[in-house]
Amino acid sequence: MDKLVKLAFDALRYYLDTGKILNDYDKDLEDNHNGVIIEIKKEDTRERAGSIYPTRSNIALDIINESINLGIFNNALALRKEDLDHIYIQVLEIRKVRPIAKLEDFGVYDGLYLNYANNPVIVYRNDYESDYQMFEDAKDRANLDDFDVYNLEKFKILRHI
């Protein structure tokens with residue numbers, strides 16, 4: 001098991017055992033300041049949480065807090081100790097975030113972040129047949145009109161399973 005995924009599991013287990021946030025983690029992660037998105041799958045339910053930007057002082061703290069928020073406090077999952085052996089966790093480490101002016105600048109990146117009216121939408125290239133389809137879905141999800149002003153950013157993903 002990847003060490004970032006193990007950290008997510010350990011954070012959940014520790015919180016369910018003690019009601020406290022895990023503060024013991026690999027100190028090598030203190031120098032990693034990438035964004036992180038946690039994905040937890042329980043039976044037919046798949047939920048994601050996180051940010052393409054770091055929100056805490058290092059990636060370990062982001063993984064710990066996002067895992068607990070998603071796994072415990074998200075009503076779609078509401079994990080209990082007995083659920084931990086039956087869930088799948090994936091950690092998406094977000095790297096190389098770059099602003100782009102238009103879709104043609106997307107290139108060989110893994111995801112697109114569209115922010116309109118402080119309502120961000122994240123879409124992943126692997127979920128679509130074309131970049132255009134990905135972009136159109138992001139615009140629909142953000143409820144954009146043709147004349148709205150929005151920001152686009154592309155990013156790469158390092159998938160930890």
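- The side-chain heavy atoms of Leu4 and Leu29, taken from C-beta on, include a pair separated by under 4.5 Å.
- Looking only at side-chain heavy atoms (C-beta outward), Leu114 and Lys139 come within less than 4.5 Å of each other.
- To the nearest 0.5 Å, atom CG of residue Asp28 and atom CD1 of residue Ile59 are 13.0 Å apart.
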For the pair Leu22 and Leu7, evaluate side-chain contact (heavy atoms from CB on, under 4.5 Å) and give the outcome as yes or no after the intermediate values. CA-CA 9 Å; Leu22 179 70; Leu7 179 61; 3.8 Å; yes
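- Shortest non-hydrogen contact noted between Ala49 and Glu66 is CB-OE1, 3.7 Å.
- Distance check, rounded to the nearest 0.5 Å: CG of Asp62 to OG of Ser67 gives 10.0 Å.
- The only member of Arg159, Lys156, His160 that meets side-chain contact (heavy atoms from CB on, under 4.5 Å) when paired with Glu93 is His160.
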Verdict with supporting geometry, Asp137 and Gln133, side-chain contact (heavy atoms from CB on, under 4.5 Å): CA-CA 6 Å; Asp137 185 47; Gln133 184 184 40; 5.8 Å; no
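- Following chains of ILVMFWY side-chain contacts shorter than 4.5 Å, one can reach Ile89 starting from Tyr15, so the two form part of one hydrophobic cluster.
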Audit row: Arg141, Val123, side-chain contact (heavy atoms from CB on, under 4.5 Å) steps and yes/no: CA-CA 10 Å; Arg141 290 173 48 191; Val123 289; 3.2 Å; yes
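- Of all heavy-atom pairs spanning Asp105 and Lys154, the tightest one is O-NZ, 2.8 Å.
- Around the CD1 atom of Ile161, the shell of radius 6.0 Å holds no more than 12 heavy atoms that belong to other residues, nucleotides or ligands.
- Within a 6.0 Å radius of CG in Asp24, other residues, nucleotides and ligands contribute 12 heavy atoms or fewer.
- Partner of Leu77 under the side-chain contact (heavy atoms from CB on, under 4.5 Å) criterion, out of Ile72, Ile87, Ile40: Ile40 alone.
- Atom CD of Glu43 has 12 or fewer neighbouring heavy atoms from other residues, nucleotides or ligands inside a 6.0 Å radius.
- Between Arg56 and Ile64, every side-chain heavy-atom pair lies at or beyond the 4.5 Å cut-off.
- Between Asp83 atom CG and Leu12 atom CG the span is 10.5 Å, to the nearest 0.5 Å.
- Atom NZ of Lys81 has 12 or fewer neighbouring heavy atoms from other residues, nucleotides or ligands inside a 6.0 Å radius.
- Defined by atom type and a distance below 3.5 Å, a donor-acceptor pair is present between the side-chain atoms of Asn58 and Tyr25.
- Contact of the Ile37 side chain with the Ile94 side chain is registered, since non-hydrogen atoms from C-beta on lie closer than 4.5 Å.
- Within 6.0 Å of the OH atom in Tyr132, the count of heavy atoms belonging to other residues, nucleotides or ligands does not exceed 12.
- Counting heavy-atom neighbours within 6.0 Å of Lys41 NZ, excluding the residue itself, gives a total of 12 or less.
- The environment of Asn143 atom CG is sparse: at most 12 non-hydrogen atoms of other residues, nucleotides or ligands sit within 6.0 angstrom.
- Under the 4.5 Å side-chain heavy-atom criterion for Ile, Leu, Val, Met, Phe, Trp and Tyr, Leu92 and Tyr109 are members of distinct hydrophobic clusters.
- Taken together through direct or relayed side-chain contacts under 4.5 Å among Ile, Leu, Val, Met, Phe, Trp and Tyr, Tyr113 and Leu152 form parts of separate hydrophobic clusters.
- The shortest side-chain heavy-atom distance between Asp2 and Val91 does not fall under the 4.5 Å cut-off.
- A donor-acceptor pair under 3.5 Å links the side-chain atoms of Arg125 to the main chain of Tyr128, judged by distance alone.
- For residues 134-156, no pair satisfies ring pair (Phe, Tyr, Trp, His ring centres under 6.0 Å), with sequence neighbours left out.
- Linking Ile, Leu, Val, Met, Phe, Trp and Tyr whenever their side-chain heavy atoms come within less than 4.5 Å leaves Leu158 and Tyr53 in two separate clusters.
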